[in-house]
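To find a chain, count down the sequence lines: A is the first, B the second, and so on, and within it residues start at 1. Model, not experiment: these values are computed from the prediction.
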Number of protein chains: 2
Amino acid sequence: MTYSIAQAAERSGLSIDTLRYYERIGLVDPPARDSGGRRSYSDDDLSWLVFLTRLRTTGMPIRMMREYAQLRHHGAATAGRRKQMLFEHRASVRERIAELQSCLDVLEYKIAHYEQIEHTFVEGITA
Amino acid sequence: MTYSIAQAAERSGLSIDTLRYYERIGLVDPPARDSGGRRSYSDDDLSWLVFLTRLRTTGMPIRMMREYAQLRHHGAATAGRRKQMLFEHRASVRERIAELQSCLDVLEYKIAHYEQIEHTFVEGITA
DNA sequence: GGTTGACCTGGAGTGCACTCCAGCTCCTAC
DNA sequence: GTAGGAGCTGGAGTGCACTCCAGGTCAACC
């Protein structure tokens, strides 16, 4: 299967402009072109794009994604280095989750506090 | 207790420049000044700053924090609205955690894949 | 053969959240 | 009384990740 840029955008969740931008900065390889000079994305291209969106969602900066992309380019010899990157990134995602969780606790506390106020207020009215 | 801007920065984890920036954009009230015209933060100021850093950590945009700050300014009458904001924000933080968790699963999968490759490679060597 | 719609390029513009700077004042310590 | 360090102001600059635009090409349909 091949996909037009609009289809690739829809399936990856990136915008058309972002696809071209990613190509420009070397985050994705230039895809094939059809007879009219238009981009024609392959299934492989698509799965790389989808993987990139995962990395992006987890907050990996573009410069790091680019480094990963370049390593990938150099084949199996760089597999260890790439695994290392994912390893480290996984640790940072876990930390980020823990951080969010702890802020969530603060939010819970604050919300409970507001509920306390409401409760007191209602009691004051009905008392 | 009162704190100089440097102490407030250290205790809140924000930079001195960020403290002044937050004041400029109306995210924090202008603190008291000492005899020399320097900012002098109170414990209340500090706890608000710390709470702001929690909201920031959870990805609340500044414009929303500012809205919250302004509501706070209008006293108890806006407590319901503020609670509502925290409520909605809590939901978005939970969603964010779930999203990160699902991306983490993809990372796990990828890392396992690399381990698979290594394993195969080692077997190939020793066989 | 003319219009429409998707896509093309290079480059400029945007929004966010800071961060830095020049030139100044003020207090403290020597 | 002066040198040093912290802090002050208004405003400019930065980094990131897009997003938009003008002006053009190309294929398809009427």
Side-chain angles (χ1 to χ4, degrees), chain A residues 2-42 45-46 48-69 89 92 96 99 103, chain B residues 2-42 45-46 48-69 89 92 96 99 103:
Chain A
T2 64
Y3 309 87
S4 70
I5 195 166
Q7 290 168 328
E10 193 183 341
R11 282 167 188 256
S12 65
L14 297 163
S15 74
I16 290 176
D17 272 316
T18 300
L19 286 179
R20 285 195 284 243
Y21 165 65
Y22 278 6
E23 185 182 332
R24 213 152 58 204
I25 63 171
L27 206 47
V28 307
D29 296 336
R33 298 285 178 136
D34 69 12
S35 60
R38 294 170 192 185
R39 290 173 181 78
S40 171
Y41 293 86
S42 70
D45 291 336
L46 250 289
W48 172 240
L49 284 175
V50 169
F51 182 57
L52 278 184
T53 65
R54 303 283 182 242
L55 294 181
R56 181 180 73 155
T57 297
T58 53
M60 184 183 278
I62 278 188
R63 106 190 70 83
M64 203 178 301
M65 292 197 261
R66 195 159 46 188
E67 193 186 331
Y68 187 90
H89 186 57
S92 82
R96 177 79 183 125
E99 188 181 50
C103 287
Chain B
T2 63
Y3 309 88
S4 71
I5 195 166
Q7 289 168 329
E10 193 184 340
R11 282 167 188 255
S12 65
L14 297 163
S15 74
I16 289 176
D17 272 315
T18 300
L19 286 179
R20 285 194 285 242
Y21 165 66
Y22 279 7
E23 186 182 330
R24 213 152 58 204
I25 63 172
L27 206 48
V28 307
D29 296 335
R33 298 286 178 134
D34 68 13
S35 59
R38 293 168 193 184
R39 289 172 181 78
S40 171
Y41 293 85
S42 69
D45 291 337
L46 250 289
W48 171 241
L49 284 175
V50 168
F51 182 56
L52 278 184
T53 65
R54 304 285 181 240
L55 294 182
R56 180 179 74 156
T57 297
T58 53
M60 184 183 280
I62 279 188
R63 105 191 72 82
M64 203 178 300
M65 292 197 263
R66 196 159 45 187
E67 192 186 332
Y68 186 91
H89 185 58
S92 82
R96 177 78 183 127
E99 187 183 50
C103 288

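A/R24 has its CZ atom 17 Å from the P atom of C/dC7, to the nearest Å. Atom CD1 in B/I25 sits about 9 Å away from atom C1' in C/dC18, given to the nearest Å. In this structure, B/M60 atom CE and C/dA17 atom C1' are separated by 16 Å, rounded to whole Å. Going from atom CD of A/E10 over to atom P of C/dC7 covers 11 Å, rounded to whole Å. When the P atom of D/dA17 is taken as reference, atom CG of A/L14 falls 13 Å away, rounded to whole Å. Per the geometry, CG belonging to B/D17 stands 16 Å off P belonging to D/dG11, to the nearest Å. Rounding to whole angstrom units, CD of residue A/E23 and P of C/dG10 are separated by 10 Å. Rounded to an integer number of Å, the gap from CD1 of B/I5 to P of C/dT25 is 19 Å.
A pairwise comparison of heavy atoms in A/L19 and A/A9 identifies CD1-N, 3.6 Å as the closest pair.
If B/G37 and B/M65 are placed on DNA chain C by their nearest nucleotide, the residue sitting closer to the 5' end is B/M65.
In the set D/dC8, C/dA17, D/dA17, D/dA17 carries the atom at the smallest distance from any side-chain atom of A/I62. The side chain of A/R33 has C/dC8 as its nearest neighbour among C/dC8, D/dG7, C/dC21. For A/P61, whose side chain is taken as the heavy atoms from C-beta onward, the closest listed nucleotide among D/dA17, C/dC8, C/dG11 is D/dA17. The side chain of A/R63 approaches D/dC16 more closely than any other nucleotide in the set C/dC8, C/dT19, D/dC16. Here D/dA17 is the nucleotide among C/dT9, D/dA17, D/dA27 with the atom lying nearest to any side-chain atom of A/Y21. Taking every side-chain heavy atom of A/I16 into account, C/dC7 is the closest of C/dC7, C/dG11, C/dT19. For A/R38, the listed nucleotide lying nearest its side chain is C/dG5; candidates were C/dT9, D/dT9, C/dG5. Out of C/dC18, D/dG11, C/dG10, the shortest distance to the side chain of B/T18 is found at C/dC18. Looking at the side chain of A/R20, the nearest of the listed nucleotides C/dT19, C/dA12, C/dC8 is C/dC8.
One finds the CD atom of B/E99 at 9.0 Å from the CZ atom of A/R54 (value rounded to the nearest 0.5 Å). Once rounded to the nearest 0.5 Å, the distance linking CZ of A/R33 with CZ of A/R39 reads 4.0 Å. From B/M64, atom CE reaches atom OG of B/S92 across 7.5 Å, with rounding to the nearest 0.5 Å.
Neither OP1 nor OP2 of D/dA17 sits under 4.0 Å from any side-chain N or O of A/Y22. Between B/R56 and C/dC18 there is a side-chain N or O to OP1 or OP2 distance below 4.0 Å. Listed pair B/S4 / D/dG7 meets the phosphate criterion, a side-chain N or O lying under 4.0 Å from OP1 or OP2.
Heavy atoms from other residues, nucleotides or ligands lying under 6.0 Å from CZ of B/R11 number 12 at most. Other residues, nucleotides and ligands contribute at most 12 non-hydrogen atoms within 6.0 Å of the CD atom of A/E10.
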